[in-house]
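Written below as structure tokens is the structure these notes are about.
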Amino acid sequence: MRKDQDIERRKRALTRLMGATSFLVLATAALPSVASAQETDTSPSTTSGAADEAVAEEAIGEEGNVIVVSGFRASLDAALDMKRESVSAIDVIVAEDIAKFPDQNLAESLQRIPGVAIERDAGEGRAITVRGLGAQFTRVRVNGMETIATSTDGASANRDRAFDFNVFASELFNSIVVHKTASASLDEGSLGAVVDLNTGNPINYGAGLTLTASAQARYNDLNDNVGPRLAGLIGWTNDAETFGVSASVAYSQYKTSELGNNSVRWAQDPFRSVNGVACDLDNPTGECAEVADAFHPRIPRYGLVDHDRERLGATASIQFKPTDRTNISIDGLYSNFKEDRDEFWGEVLLRSNEDTIDISNYVIDGDNNIISAELDNAYVRTERYHRESETEFYQISANIDHEFSDMFRGTLRGGLSRSDADIPIETSLMFDDRADGYTYDYTDMKSPLLVFGPGIDDPAAFEFAEFRDRPSSLTNKFRTAALDLEWDVADGFQFAGGAFYRRFNFDTIGYRRDGVYCQAFDCAPGASGAPVTDDLADIFELGKAGQPQGNTNQWVVPNLDAATDLIDLYNREAVLDQGGQRSVTEEVTGGWLQANYETSLFGMRVTGNAGMRYAKTDQTSEGFLSGTYRTIERTYDDWLPAMNVNIFPADNLILRGAIAKVMTRPSLGSLTPGGSVDQFNFRISTGNPYIDPYRATNYDVALEWYFAPGALASVALFAKDIVSFPLADSEEGTWADSGLPTSLLTPGTPVYDAIVNGTNPDREFEFRTTLNGPGASLKGVEFGLNLPFSAFSDSSMLRHFGVLGNVTLIDSKVDYNFGDDENPEIYTRPLLGLSKKSANGTVYYDDGKLSIRVSGAYRGGYITGTSGNSNIFEGFGSSFNLDAAIRYQLTDQIELSLDGTNLTDDYRYRWTDDFARRNYENNHFGRVIMAGVRFKL
């Protein structure tokens, strides 16, 4: 709407730069970073039109020459220009940023944005949190269309609304936009942010043929694996620049090792004897009572988790401009993400076996932990786990933009996406033994000493006792159609509105092939499993897992192929896991109306928008409830007003304010009519299809100072008044109270042993569900700085340096009830997944030939759940990741690169119980070095 020539110049320059950088995600263009106008080659073949009118504003050098900023610096300036001119609060990364940050995927690129922190899986970014709100509160759109992509983490496939960014290679995208404040025109469904991922348009590449390619070798120093990372793009646009096509592809294959220890939480239970004195298990006294009341590790163990990953992605785009007023684009995106996960554990199964184990020489610390002890008749188990998973994602979308007149225009868009996350094999094999002389010492919580007695490396000492296989599949589907219209009523005033329809389908199903060997096959009298021969076993050697001197580092594990062949595992009948079969369908219809304006107030420029969005949600939930498959329907609607206002006290100073009502639909896992039985922790979890969405009012105010070309200092305050916040609820009951049949139980599990073999239907259970909570509060502040040293120095050396950085501080309060309605036990803590402190920074040098960047990202510790076994909460400790990248422009067509991620080999520490911070797991993933070359032909 604004006709100011300077703003229009910036917008035209930004469009050109986005066209130039859209292929720079694959190959760095030959752009000098800083040069005088007389020295800069501005021909389209080298700059794609970006340098002669760069988004970065011109600065005058000592001799009066015009300085043009391009390359990496220009992409930073382009992102700042988009942020500066946006009516709502956004942050942007354009292609040079994505391509040149040492990032393995989009999540790791996003962590550079203020207020964004990431969750990691297998050492690489997987999901994001924005301003303290977890991944399920963030909506993601690909080429303007909301979608969900899911992968498989340490436990199972992502069965919720969170978007897994590790499914996609960063090379496929040319820009990321994070919307931090809402507007009526922006898709609903987010309490945190809406993230737009864009793959680019071929006409922006310019007339003629565009061809780029890159190749990298990826090395991990923990497992010495070297894998390829390849990418390429081809595009063609006719001379009139009215028709263009493009396609890109990215492929990588790599292995990541995860080495460390795991306790699988801590618990309280009486032991058979203490220091040689037999215990009354029902009424322990003396040392027996002291030990029974203290916490001990449930399954202390060291081990290796190997991740073998393969990622293939492709995009294709057709763009057609039949007239100056019409633009038609069709975009396709495909991704295939495979992982084989292999685990090797040597452990003692204290869990549910304490009443058969003798403990002695124990030490109890100040947090009531049995910090060290010696165990006889210990239940020794070695475990081999293997899972094959594959996520296949595709999306196709179409967009038609048409100007009916100079004052009236519209956009029609539609598309579909589908994400299939399949786990055809998820196998666990167990060798068991009873042994004396086992000791553990958790004096150093992060690096315990675990020492097995003799026989741990002797196959003949073990029996093949149990086996499991749990295949599953998960499908997410989106269908979208929308029409948006704009009418310029007068200079500085516009009406906009639209209608939309979305259909979302979530379906998951799981099966089990679980068994105890002696119940499935004949065993010798007195045996608990099949004898283990040399051909059934492998000898596992633990590598650098952070273990102390004297730790046991070698043990027997099942041979995967031989053991599964022995029992013909994959030809055994797979039994439906009723708790694992469920679905949710949501149909959303609605519309929006918004007024956009630009005016002046007391001589200051003022821009903004105000509007209303309406969304009606028709929800259908399906799942098993007490053995019967149920379907439950409900409907709810939301009226969501939103307003953004921006005041410009000066041309380089912006005061922003925003207020909006927002919502996030309930967690998919909470909407299931039925539930599941945790057969190892005596827990029954059920869903609640009637819980309300998360609803909140967001308040935002920010001050942005663009104090020099390409420079920004900013501070943003935000608060979220969350009035509807579903929370987990827990109460005690018995198996008989559940009304569930015993046929749901798996032989060999603690629940089966207690309920069926022990014929004890009155065994106590924890019943968990989700109820509408009382709400929550969140407030925080973000500080950001983008400082190219050219802002204060004309020195030929200093002007090539710069720093980027941001700090986010958040406070949040939620009341969690660990008791019941009659005996509440309230603990006030932050929202799950919220880090009170996060920060990241980058120091860079870029002179057009040589580019060097060092980046660090810090995330404070956070709570992930309410835990179990009388532990109050569980979560992760703080983390710091240090990355670096070096680029050298060898010729106009060739660039060499060297990237390093996780250079400090940061350990990931997970704890249980917020008071004692007991060890849950502590592991590391190794440093990653990538060396490569990029071509532009």
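What's counted below: heavy atoms across the whole structure, side chains too, no hydrogens, waters or symmetry copies.
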Does any N or O in the side chain of [X] come within less than 3.5 Å of the main-chain N or O of [Y], such that one atom is a donor and the other an acceptor?
X	Y	result
N840	G856	no
T391	T150	yes
S419	A149	no
R311	N166	yes
E258	V305	no

Should the pair [X]-[Y] be classified as a salt bridge under the 4.0 Å nitrogen-to-oxygen rule?
X	Y	value
E704	R84	no
D91	K180	yes
D121	R309	yes
E339	R387	yes
R229	D899	no
D846	R887	no

If you look at every heavy atom in [X] and [Y], which pair is closest and at what distance?
X	Y	result
N143	N198	OD1-CA, 3.6 Å
G115	T808	N-OG1, 3.0 Å
T664	L191	OG1-N, 3.0 Å
L186	T181	CD2-O, 3.9 Å
N220	G926	OD1-CA, 4.1 Å
L898	A931	CD1-CB, 3.9 Å

Indicate whether any N or O donor in one side chain lies under 3.5 Å from an N or O acceptor in the other, for [X] and [Y].
X	Y	answer
T901	D883	no
Q319	D331	no
S248	T315	yes
S851	R853	yes

*With respect to R859, which candidate in S879, S878, S835 satisfies the side-chain hydrogen bond (donor to acceptor under 3.5 Å, both in side chains) definition?*
S835

_Residues which pass side-chain hydrogen bond (donor to acceptor under 3.5 Å, both in side chains) with S190, listed by chain and number, not counting sequence neighbours_ = none

*N399/D401 under side chain to side chain donor-acceptor pair (under 3.5 Å): CA gap, chis, key distance, verdict*: CA-CA 7 Å; N399 215 73; D401 297 300; 3.3 Å; yes

*asked:* Can you confirm whether K83 is buried at NZ, in the sense that more than 12 heavy atoms of other residues, nucleotides or ligands lie under 6.0 Å from that atom?
replied: yes

*asked:* If we check salt bridge (charged side-chain N to carboxylate O under 4.0 Å, His left out) with E586, which of these qualifies: R161, R503, R502?
replied: R161

*What do the steps show when you test E188 against R665 for side chain to side chain contact (heavy atoms under 4.5 Å, CB included), and what is the final call?*
CA-CA 9 Å; E188 83 290 343; R665 293 178 176 86; 2.9 Å; yes

_For F393, the option from Y334, F165, F168, F163 that meets ring-ring contact (aromatic ring centres under 6.0 Å, His included)_ = F168

